[in-house]
Asks: 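Got a structure for you, written out below as structure tokens; questions coming shortly.
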Amino acid sequence: VQEFSLSRHGADLALSDNFVLGEFACNDGSDAILIHPTLVALLQTIRTHFGKPVHILSAYRTAEYNALVGGSKNSTHKKGMAADIVVKGVSLKRIAEFADDLDVGGVGIYPDSGFIHLDVWRSMRRWKG
């Protein structure tokens, strides 16, 4: 896991062809960001495959923010290893199926909220929220 700082590195720091640091920042506005490079690679692979922007709704979360939004105590978001995403024009099911082919750690589909959770944790887990 890599540790970044918005104030030191800048929100526009390129992490891949299509993603910048600011997209992974905690939604509480905190300066520190943890990001696992495999997560960036996964999201870039999805972006390239579908040829459409991947919108990150939530990636890194501080412990405080994670608790505020009702996240799991052991959330992979707190480790910089997860992102909740949408890809306009691509169904959650199609994204999940593609992620399955990539042997992603966690794939959670949240149809009521309209996003998919992806993480690069060690074990493969699948769920529908």
Side-chain angles (χ1 to χ4, degrees):
V1 174
Q2 295 175 299
E3 204 170 315
F4 293 93
S5 161
L6 281 174
S7 61
R8 199 169 59 243
H9 296 104
D12 293 331
L13 175 70
L15 300 177
S16 72
D17 288 344
N18 298 101
F19 293 97
V20 295
L21 181 62
E23 294 176 279
F24 293 82
C26 183
N27 290 330
D28 70 358
S30 58
D31 185 60
I33 306 171
L34 299 178
I35 305 173
H36 197 289
T38 304
L39 178 64
V40 177
L42 168 64
L43 297 178
Q44 184 61 54
T45 299
I46 290 169
R47 167 68 172 88
T48 301
H49 175 78
F50 290 109
K52 297 181 177 200
V54 172
H55 300 283
I56 301 172
L57 305 175
S58 179
Y60 173 67
R61 294 180 190 160
T62 62
E64 297 79 15
Y65 186 75
N66 188 65
L68 182 70
V69 299
S72 163
K73 189 184 292 189
N74 297 316
S75 174
T76 49
H77 285 277
K78 296 191 312 181
K79 299 171 176 76
M81 300 176 83
D84 298 335
I85 66 164
V86 295
V87 180
K88 190 173 182 179
V90 181
S91 72
L92 301 180
K93 183 177 186 236
R94 281 185 59 208
I95 299 167
E97 289 170 350
F98 182 67
D100 275 339
D101 291 342
L102 299 175
D103 294 326
V104 172
V107 178
I109 300 174
Y110 293 86
D112 292 345
S113 301
F115 69 85
I116 188 163
H117 167 98
L118 300 172
D119 69 59
V120 294
W121 189 243
R122 298 185 283 262
S123 61
M124 286 185 63
R125 297 162 334 282
R126 304 293 182 262
W127 67 93
K128 192 169 185 177

Asks: Can you tell if the side chain of T62 reaches within under 4.5 Å of the side chain of D28, non-hydrogen atoms only?
Replies: yes
Asks: Are F4 and Y65 connected in the hydrophobic side-chain network, where two residues link if heavy atoms are under 4.5 Å apart?
Replies: no
Asks: Taking K78 for the side chain and G71 for the main chain, is one N or O donor matched with an acceptor at less than 3.5 Å?
Replies: no
Asks: Kindly compute the distance separating CG (L92) from NZ (K128), expressed to the nearest 0.5 Å.
Replies: 9.0 Å
Asks: Between I33 and S5, does the side-chain contact (heavy atoms from CB on, under 4.5 Å) criterion hold? Intermediate values first, please.
Replies: CA-CA 6 Å; I33 306 171; S5 161; over 6 Å; no
Asks: Going only through I, L, V, M, F, W and Y residues with side-chain contacts under 4.5 Å, is there a path from L34 to W121?
Replies: yes
Asks: What's the shortest heavy-atom distance between L39 and G80, and which atoms?
Replies: CD2-O, 3.8 Å
Asks: Short question: side chain of N66, backbone of R61 - any donor-acceptor pair under 3.5 Å?
Replies: no
Asks: Give a yes or no on whether V54 and L13 share a hydrophobic cluster (residues Ile, Leu, Val, Met, Phe, Trp, Tyr; joining criterion: side-chain heavy atoms under 4.5 Å apart).
Replies: yes
Asks: Do we see a donor-acceptor contact under 3.5 Å between the side chains of H77 and S75?
Replies: no
Asks: Within the side chain of T48, is there an N or O that forms a donor-acceptor pair under 3.5 Å with the backbone of Q44?
Replies: yes
Asks: Hey, are N18 and S16 close enough side-chain-wise for a donor-acceptor pair under 3.5 Å?
Replies: no
Asks: Please check if any side-chain donor atom of D84 sits under 3.5 Å from a side-chain acceptor atom of H117, or the reverse.
Replies: yes
Asks: Apply side-chain contact (heavy atoms from CB on, under 4.5 Å) to V87 and H55, showing your working.
Replies: CA-CA 6 Å; V87 180; H55 300 283; over 6 Å; no
Asks: Should I109 and L43 be regarded as members of a common hydrophobic cluster, given that ILVMFWY residues are connected when their side-chain heavy atoms come within less than 4.5 Å of each other, either directly or indirectly?
Replies: yes
Asks: Is there a continuous path of hydrophobic side-chain contacts, each under 4.5 Å between heavy atoms, that joins Y60 to V20?
Replies: no
Asks: Start with the C-alpha gap between I85 and L57, add the side-chain angles, then the distance that decides, and say whether side-chain contact (heavy atoms from CB on, under 4.5 Å) holds.
Replies: CA-CA 6 Å; I85 66 164; L57 305 175; over 6 Å; no
Asks: With side-chain contact (heavy atoms from CB on, under 4.5 Å) as the test, would you mind laying out the steps for L15 and F24 before giving the verdict?
Replies: CA-CA 10 Å; L15 300 177; F24 293 82; 3.7 Å; yes
Asks: For A25 and L6, which heavy atoms make the closest approach, and how far apart are they?
Replies: CB-CD1, 3.9 Å
Asks: So, Y110 versus F115, ring centres under 6.0 angstrom or not?
Replies: yes
Asks: Sequence neighbours left out, cut at 3.5 Å: what donor-acceptor pairs do the side chains of residues 95-106 make with other protein atoms?
Replies:
residue : atom : partner : partner atom : Å
E97     : OE2  : K93     : NZ           : 3.3
D100    : OD1  : R126    : NE           : 2.3
D100    : OD1  : R126    : NH2          : 3.0

Asks: Can you tell me how far CG of L21 sits from NE2 of H9, rounded to the nearest 0.5 angstrom?
Replies: 7.5 Å
Asks: Run N74 and S72 through side chain to side chain donor-acceptor pair (under 3.5 Å) and show every step you take.
Replies: CA-CA 5 Å; N74 297 316; S72 163; 5.2 Å; no
